Structure formats: structure tokens, C-alpha cells
Protein chains: 2
Amino acid sequence: MSNSTIVEVAKLAGVSVTTVSRCLNSPEKVGKKTLARVRRVIEEINFSPNMLAQNFRRGKTNIILVVVHEIGSWLFAEILEGIRAVLGTRYSIILTESRPEVNDNNFIEMLVTKQVEGVILLCSTLPFSKKLIEKNKSKSLPIVIGLEPISADLDQFPSVHIDNYQAAYDATQYLITSGHRDIVFVSGPKHSFVTKDRELGFCAAIQSSELSLDEANILHSDLTSNGGVNAAMEIFARSVMPTAVFCANDDMALGVLGLASRRGIRVPEELSIMGFDDTRYAAIANPPLSTVFQPARDIGIGAAKRLLRAIDSPEDSAVKAEILPHRLVIRSSTGPRG
Amino acid sequence: MSNSTIVEVAKLAGVSVTTVSRCLNSPEKVGKKTLARVRRVIEEINFSPNMLAQNFRRGKTNIILVVVHEIGSWLFAEILEGIRAVLGTRYSIILTESRPEVNDNNFIEMLVTKQVEGVILLCSTLPFSKKLIEKNKSKSLPIVIGLEPISADLDQFPSVHIDNYQAAYDATQYLITSGHRDIVFVSGPKHSFVTKDRELGFCAAIQSSELSLDEANILHSDLTSNGGVNAAMEIFARSVMPTAVFCANDDMALGVLGLASRRGIRVPEELSIMGFDDTRYAAIANPPLSTVFQPARDIGIGAAKRLLRAIDSPEDSAVKAEILPHRLVIRSSTGPRG
DNA sequence: CTGAAAGCGCTTACAG
DNA sequence: CTGAAAGCGCTTACAG
């Protein structure tokens with residue numbers, strides 16, 4: 001199939017290859033009758049242009065790179081779906097994971113080698129951020145950031161995310177309003193920028209109430225269910241237990257919830273647990289998890305649209321962050337202080 | 001960067017472009033001194049070959065297509081990781097989802113248009129299976145199937161998966177041995193080939209015991225937590241409840257578990273619940289979910305290796321299925337009949 | 001609206 | 001071990 005080339009089509013249609021090429025790429029510049037004839041031939045011999053040759057000639061790869069922290073998570077899958085929805089037909093998407101276990105220091109090599117036309121960053125911690133900026137400078141590689149606020153050196157790029165600070169503030173305030181006085185926040189790794197913002201929001205909410213902020217009430221752990229379990233072990237070992245735990249993401253919260261139930265701690269009577277993300281497992285947890293919803297799909301769509309804009313008109317560099325709305329989702333894992 | 005070309009390198013090194021090309025692609029055919037000189041120049045001007053030109057010239061895209069049912073699931077993420085681990089450096093991976101909501105009937109177009117060099121199928125229900133076979137015939141497009149047994153017309157392709165029949169048989173037998181007499185199996189959609197095998201295994205185990213197989217004890221639902229909730233609603237509405245539910249995957253089981261707890265049904269005292277896949281949420285469910293482990297990562301690795309073999313030596317068509325081991329993982333959601 | 005011709009950056013027989 | 005030359009399948013000024 002498709003060993004046929006543009007010259008064959010030209011021959012059969014009795015036109016030049018130039019004309020055939022135009023029929024393919026800018027049909028409006030071709031006479032109606034000619035166009036029809038060429039199209040018929042294309043149809044007949046089932047011709048489709050060799051994309052390899054096109055890419056080469058045009059110097060375009062039609063590839064964009066998406067860097068996620070971890071592909072397995074529901075959140076990223078959702079964002080990706082959004083990205084695909086807008087980029088799907090035009091670009092192929094190459095995925096790279098940024099977590100250290102994945103040996104993708106060939107990341108930069110990818111940029112050179114695969115010659116990607118744009119990058120969407122969905123992760124905060126980049127070992128290679130300087131390199132990236134350098135690339136962006138020298139080759140004007142379009143970059144947009146999604147989901148996470150990012151290190152200061154990357155804040156020159158457009159981004160799409162919720163107000164993590166405010167969201168955490170809201171969630172914390174909800175817990176305070178429910179009567180909780182002793183709330184611990186389980187944050188992510190110290191270098192994580194998303195969770196940093198959420199941590200700040202938590203602190204601010206605590207301080208704007210009459211409560212005092214206890215440093216011991218901020219824990220750092222992995223953003224996984226296992227990380228949640230570990231944090232929970234530390235919390236449950238305390239002589240005086242908090243009455244509420246607010247986790248920086250749902251997976252952690254699910255981990256805390258899991259250990260709580262294994263330890264016979266009643267949720268929410270003895271302990272309220274709040275997550276973040278509104279992952280699909282939050283709703284079916286036992287008890288169903290209260291959490292903060294963020295519009296993952298829209299984040300993907302937004303990021304992709306911005307990237308497209310950046311690619312199509314590099315000069316118009318409206319570098320501003322696009323803030324999407326978040327929403328508290330209160331289910332049964334939280335309640336008034338017991 | 002890399003506006004430099006092979007001819008520049010040739011000029012600077014005082015050799016022909018042919019030689020530079022050889023240094024890149026078959027250095028063993030080049031004299032040591034020449035090679036060293038050329039390499040120094042390449043280093044100096046930071047040259048890297050234009051992959052677009054290479055691909056075009058070689059007629060290779062270095063792209064393989066992976067079709068998954070749904071990218072968000074832990075299982076697929078794990079398999080993908082396996083695939084990447086073996087294909088990563090050599091190929092870019094394009095992902096397509098096969099679930100109907102995703103409008104990817106451009107799938108076949110992808111094959112033509114993107115000119116992929118191989119396909120890994122991780123889903124059973126293909127609207128386009130005939131087309132695919134046709135392609136495979138006409139262009140000798142290498143195809144391998146992973147995770148799922150597939151429709152009869154596709155069984156000509158190599159595949160990598162567990163023995164789903166036996167795994168379900170084992171799980172069912174475990175439930176029977178635990179004293180359960182009234183077990184319902186929540187299967188996937190009727191056209192799903194994986195769950196069909198599991199269903200058959202379930203039936204066989206029931207029949208090989210002294211129990212009688214009741215058609216009403218086989219339900220069909222979506223392979224999602226929501227599908228599990230729906231199935232559970234039907235089950236819980238029965239005048240006489242089963243003492244065990246075996247779900248075709250973990251997400252469903254988690255859904256059943258969720259509804260059970262909301263309805264105040266004690267698990268496993270009143271109801272044992274068993275899943276399939278050993279998803280990462282199984283371990284932290286409340287109570288932790290008994291399930292069947294399948295080596296997702298190894299499935300990915302196996303499938304990728306086979307694809308590589310199929311690409312590299314098309315003649316050697318050892319079309320046999322590779323069966324990987326499964327394992328029962330008994331946690332707390334199952335127990336002796338109450 | 002159409003065509004002849006140059007050229008994109010490589011690879012690969014072929015000849016030596 | 002090395003090089004001159006053809007060519008992969010397109011696109012794109014340029015000219016008409």
C-alpha cells in the first residue's frame with residue numbers, strides 16, 4: 001500500500017507533481033476541474049502521501065513531548081485525555097515520566113533527537129530545568145506548564161492550573177469550621193512545588209483562625225498510598241492524636257484511611273480524613289473520601305491550547321497563568337470533631 | 001542547534017559525507033584515525049544527525065502503536081512501563097485507546113499515516129480487527145497481543161498473557177474451599193474476551209465441585225468501579241444474598257466493596273469479595289481486597305520483546321502464546337462462609 | 001491557475 | 001578503508 005508516490009499520481013492525472021502537491025496542501029489554489037481529476041486518481045490508487053518525506057521536507061516532526069510525574073495515575077490520565085482531545089489529530093504525543101526511578105535522563109536527548117516541537121510539563125521537579133530553558137531560548141522551543149506551579153526559573157512559561165494555595169486554604173477552613181483544632185497536613189516531598197503551595201494554604205488557614213500552627217503538624221511523605229500509610233503510622237503513634245488529617249493528594253489519603261480502618265480507628269468519628277484531586281477511587285473508598293476536585297481534563301485542554309498558540313504564533317507570548325476553578329467535595333470521611 | 005549537517009562535518013574533517021555517514025552508522029567499517037578525527041569534529045560542533053532525514057531515507061518511522069482499553073488504569077500503566085523498558089530507546093510509542101467514547105476510528109488512518117512499524121494490542125474488542133489483519137497481510141505489519149486473549153480471527157498473532165481461565169478457576173475454587181455455596185461472578189461486557197475466559201474458569205470450578213451452576217449468578221457489567229456498584233445494587237436487592245462475589249477485575253470489586261460498606265454489609269463476615277488484577281488500590285482498600293495478581297509489567301516486557309523479534313526477523317514466525325504465571329493474593333475481603 | 005527545477009539531509013550501491 | 005554520485009518523496013520559490 002502506498003508505494004505509490006506523488007509522481008505516479010501526477011502521471012495518471014496528467015498534471016505536474018507541483019499541482020498534486022498543491023491539491024494535497026492548498027487545494028484552494030488549484031482549479032476545480034484539475035482538483036477533481038487529481039482527487040479521483042488519488043482515490044483510485046488509494047494514494048496517501050509519505051509522511052516521512054513530508055516531515056523531512058517541512059522540517060516538522062509533529063511530535064510534542066509531555067512530561068508527567070507518573071503515568072499510572074488517574075489524574076495524569078485525565079489530563080492526557082484533555083491534551084489528546086486538542087492535539088490529537090495534529091500531533092503525536094510522546095510521554096516521559098519524571099520520577100527518578102525511570103531512567104529518562106535521555107530526556108534532553110529526546111528533545112534534540114526526536115526534535116519535538118513543543119513540551120508540556122506536568123511535573124514540578126525537573127532535574128533538567130536549566131537545560132530546558134536553554135533549549136527554549138536557543139531554539140525557541142515552546143513550553144507550557146500544566147497542573148503544577150513550578151520553580152521560579154520556569155515561571156516565565158505559560159501555565160494552567162488551579163489555585164493550589166486557595167484550594168488547600170478552603171479545605172483547611174472547612175475542617176476548622178467543622179470544629180477541628182488539631183489538624184495535621186501530610187504534604188509531599190519537600191522539593192514538590194504543588195504540595196508546597198498547598199502546604200502554604202494550609203498554614204495560612206490555620207493562622208487566620210485562632211489556632212496556632214504547630215510545625216509537628218506538617219508531615220512530608222511520598223505522594224502515594226504507601227506514603228500515606230507511612231505518615232499514618234507516625235500520626236497514630238502519637239500520644240495525642242489529631243482529629244483531622246488533610247493529605248496533599250487522594251492516594252495518600254487513601255493510605256491513611258486504609259491504615260486507620262486496619263487499626264480500628266473510626267472515620268470520621270474519631271478521625272476526619274481529607275484528600276486532594278478527587279481521583280476516581282475517592283468516591284468508592286470506605287468511607288467515601290472528602291476531597292478537593294481539580295478539573296484535570298480542562299487542565300489538559302488548557303495546556304494543549306496554549307501550546308498550540310505558542311507554536312503557531314511564537315511572537316505573541318502572553319505569558320500568564322490560567323487559573324482554573326477548584327471545588328470542595330465533601331463526602332463521608334470528614335465530619336464534625338468527634 | 002544542529003543546523004549543522006553531515007556535509008559540514010565532512011568538510012571540517014576533510015573526508016567525504018559517505019565516510020561521516022559510516023562513522024555514524026557503522027563505525028567498524030571506518031579506519032581508526034579517520035573515525036577519531038570525524039568524531040572530534042562532531043563533538044566540537046555539537047552535531048547530531050537530522051533524524052527526520054534519516055527516517056525518511058531509511059523509510060523507518062521508529063514508531064510503534066500501543067492500543068489500550070483505557071489509559072487511566074493502573075494495569076495499563078504498568079504494562080506500558082514494561083513495554084517502554086524494552087522499546088524505549090529504539091521506538092517512540094503512540095498510545096491509542098480502544099474504548100468507544102474515544103473517537104479513534106482514525107486508528108487505521110494512524111497506521112497508514114504515521115506508518116507505524118508494529119502494533120501491540122492490549123485490548124480485546126476491536127472494531128477494526130479485520131482491517132488490521134488485512135494490513136498485517138499486505139504490509140507484513142508486525143502485531144502482538146498482550147494481556148488479553150483475543151478473538152479467534154486474531155489468534156494467528158503471538159500473544160503474552162496469563163491463563164485467565166485457570167486463574168479464575170483457582171480463585172473460585174478458593175472460595176468454594178472456604179465454604180461458599182452461593183457465589184456470584186461479576187463479569188465484564190459480553191463481548192470482552194478476557195472476562196469471557198475468566199467466566200469460563202469460574203463456571204468450570206463451580207461445576208467441578210458439587211455445586212450447581214446458576215445462570216443468575218453470572219452478571220455482566222462495566223469493568224469499572226461504577227460497574228461494580230451497579231452489579232452490587234442488583235445483588236443486594238436479592239431476597240437471598242450470595243455469600244461471595246468474585247469480580248472480573250479490581251475496580252469492580254472495589255465498587256462492590258464500596259456499596260457493601262455503605263449498606264452496612266460486613267465484609268467478609270456477611271459477604272466475601274474477590275477481585276482480579278491486584279491493582280495498587282486493592283491493598284489499601286477497607287478491608288484490603290483479596291484478588292488475583294497478574295504480572296502486568298512482565299506482560300509488557302514480553303509483548304515488547306516479541307514485537308522486536310517480529311520486526312527484526314519477520315520470517316521466524318513462532319506464533320505461540322506466552323503464558324505468564326498468576327497468583328492468588330488473599331487479604332481480608334474474603335473469608336470462610338459466615 | 002500551472003509547471004520545471006532545485007533542494008531538504010541523509011544513505012547506499014558501486015567502484016576503487 | 002574511502003569517495004563520487006544517485007536518489008529517497010516531497011515542497012517551494014520562481015517564472016509564466
Side-chain angles (χ1 to χ4, degrees), chain A residues 1-42 45-63 90 112-117 139, chain B residues 1-42 45-63 90 109 111-117 139:
Chain A
M1 169 158 308
S2 187
N3 323 27
S4 48
T5 72
I6 212 180
V7 327
E8 251 177 272
V9 176
K11 208 162 291 173
L12 289 172
V15 298
S16 71
V17 296
T18 310
T19 299
V20 177
S21 176
R22 271 195 281 259
C23 290
L24 259 19
N25 302 309
S26 40
E28 72 281 3
K29 294 184 184 164
V30 179
K32 289 194 81 153
K33 306 190 64 167
T34 319
L35 182 57
R37 188 146 31 94
V38 172
R39 284 202 166 145
R40 190 148 31 76
V41 173
I42 288 178
I45 69 172
N46 194 16
F47 165 81
S48 88
N50 179 330
M51 178 160 269
L52 254 24
Q54 288 185 320
N55 287 349
F56 166 53
R57 238 346 301 249
R58 295 174 178 157
K60 304 228 336 154
T61 54
N62 291 316
I63 293 178
R90 223 174 115 181
V112 181
T113 254
K114 303 282 186 186
Q115 287 155 114
V116 306
E117 291 177 40
K139 296 274 296 176
Chain B
M1 170 158 307
S2 188
N3 323 25
S4 48
T5 71
I6 212 179
V7 327
E8 250 176 273
V9 176
K11 208 162 292 172
L12 289 171
V15 298
S16 71
V17 297
T18 311
T19 299
V20 177
S21 176
R22 269 194 282 259
C23 289
L24 259 20
N25 303 308
S26 39
E28 71 283 2
K29 293 183 186 164
V30 179
K32 288 193 83 149
K33 306 188 64 168
T34 318
L35 182 57
R37 188 146 32 93
V38 171
R39 285 202 166 146
R40 191 148 30 76
V41 173
I42 288 179
I45 69 172
N46 193 16
F47 164 81
S48 88
N50 180 331
M51 178 161 270
L52 255 22
Q54 287 185 321
N55 286 349
F56 166 53
R57 238 343 305 246
R58 294 174 179 159
K60 302 228 337 152
T61 54
N62 291 317
I63 293 177
R90 223 174 115 181
E109 198 195 312
L111 290 182
V112 181
T113 254
K114 302 282 186 187
Q115 288 155 116
V116 307
E117 290 176 42
K139 295 274 295 179

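Predicted model, so just to flag it, every value in this text is computed and none were measured. In what follows, every heavy atom counts, from backbone to side chain, and hydrogens, waters and symmetry copies are set aside. Here is how names work: the chains are called A, B, and so on, in the same order as the sequence lines, proteins then strands, and each is numbered from 1.
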Inset, instruction - Might you work through the side chain to side chain contact (heavy atoms under 4.5 Å, CB included) test for A:Val15 and A:Arg22, ending with a clear yes or no? - result: CA-CA 11 Å; A:Val15 298; A:Arg22 271 195 281 259; over 6 Å; no

Inset, instruction - Provide, to the nearest angstrom, the distance between the CD atom belonging to B:Glu28 and the C1' atom belonging to D:dC1. - result: 12 Å

Legend entry - N or O in side chain of A:Ser21 less than 4.0 angstrom from D:dC10 OP1/OP2: no

Legend entry - Short side-chain N/O contact to D:dC1 OP1/OP2 from B:Thr34, under 4.0 Å: no

Inset, instruction - Examine the side chains of B:Ser16 and B:Thr19 and answer whether a donor and an acceptor come within less than 3.5 Å of each other. - result: yes

Inset, instruction - Please confirm whether any donor atom in the side chain of B:Arg22 sits under 3.5 Å from an acceptor in the base of D:dG3, or the reverse. - result: yes

Inset, instruction - Rounded to the nearest angstrom, tell me the gap between atom CE in B:Met51 and atom P in D:dC8. - result: 22 Å

Legend entry - Protein-nucleotide distance (A:Asn50, atom CG; D:dG9, atom P), rounded to Å: 7 Å

Inset, instruction - May I ask you to verify if any side-chain N or O of A:Thr18 is less than 4.0 angstrom from the OP1 or OP2 atom of C:dG3? - result: no

Legend entry - Below 4.0 Å: OP1/OP2 of C:dT11 and any side-chain N or O of B:Arg58: yes

Legend entry - Protein-nucleotide distance (A:Leu52, atom CG; C:dC10, atom P), rounded to Å: 15 Å

Inset, instruction - Tell me the partner of C:dG16, counting only Watson-Crick (N1-N3 plus N6-O4 or O6-N4) or G-U wobble (N1-O2 and O6-N3) with both under 3.5 Å; none if nothing fits. - result: D:dC1

Legend entry - Spacing of A:Thr5 atom OG1 and A:Lys11 atom NZ [to the nearest 0.5 Å]: 7.5 Å

Inset, instruction - Report yes if some heavy atom in the side chain of A:Ile42 is under 4.5 Å from a heavy atom in the side chain of A:Leu24; otherwise report no. - result: yes

Legend entry - Contact nearer the 5' end of DNA chain D, comparing B:Lys29 with A:Asn25: B:Lys29

Inset, instruction - Just call it for A:Asn55: base, sugar-phosphate, or nothing, with non-hydrogen atoms closer than 4.0 Å on any strand. - result: nothing

Legend entry - Any A:Asn62 side-chain heavy atom under 4.5 Å of A:Gln54 side chain: no

Inset, instruction - Hey, which sits more toward the 5' end of DNA chain D by its nearest nucleotide, A:Leu24 or B:Arg37? - result: B:Arg37

Legend entry - Value in whole Å for how far the C1' atom of C:dC10 lies from CZ of B:Phe56: 9 Å

Legend entry - Length of the CZ-P vector between A:Arg57 and C:dA5, whole Å: 17 Å

Legend entry - Selected nucleotide, minimal atom distance to A:Val30 side chain, candidates D:dT12, C:dT2, D:dC8: C:dT2

Legend entry - Short side-chain N/O contact from B:Gln54 to OP1 or OP2 of C:dT11, under 4.0 Å: yes

Inset, instruction - Decide yes or no on side chain to side chain contact (heavy atoms under 4.5 Å, CB included) for B:Phe47 and B:Val38, but give the supporting numbers first. - result: CA-CA 11 Å; B:Phe47 164 81; B:Val38 171; over 6 Å; no

Legend entry - Length of the line joining A:Lys11:NZ and D:dG9:C1', which is rounded to integer Å: 13 Å

Inset, instruction - Could you work out which one of D:dG3, D:dC10, D:dC8 sits closest to the side chain of B:Thr19? - result: D:dG3

Inset, instruction - Classify the nucleic acid contact of B:Val15 as base, sugar-phosphate or nothing, counting any heavy atom under 4.0 Å across all strands shown. - result: sugar-phosphate

Inset, instruction - Specify the separation, in whole Å, of atom NZ of B:Lys60 and atom P of D:dC8. - result: 20 Å

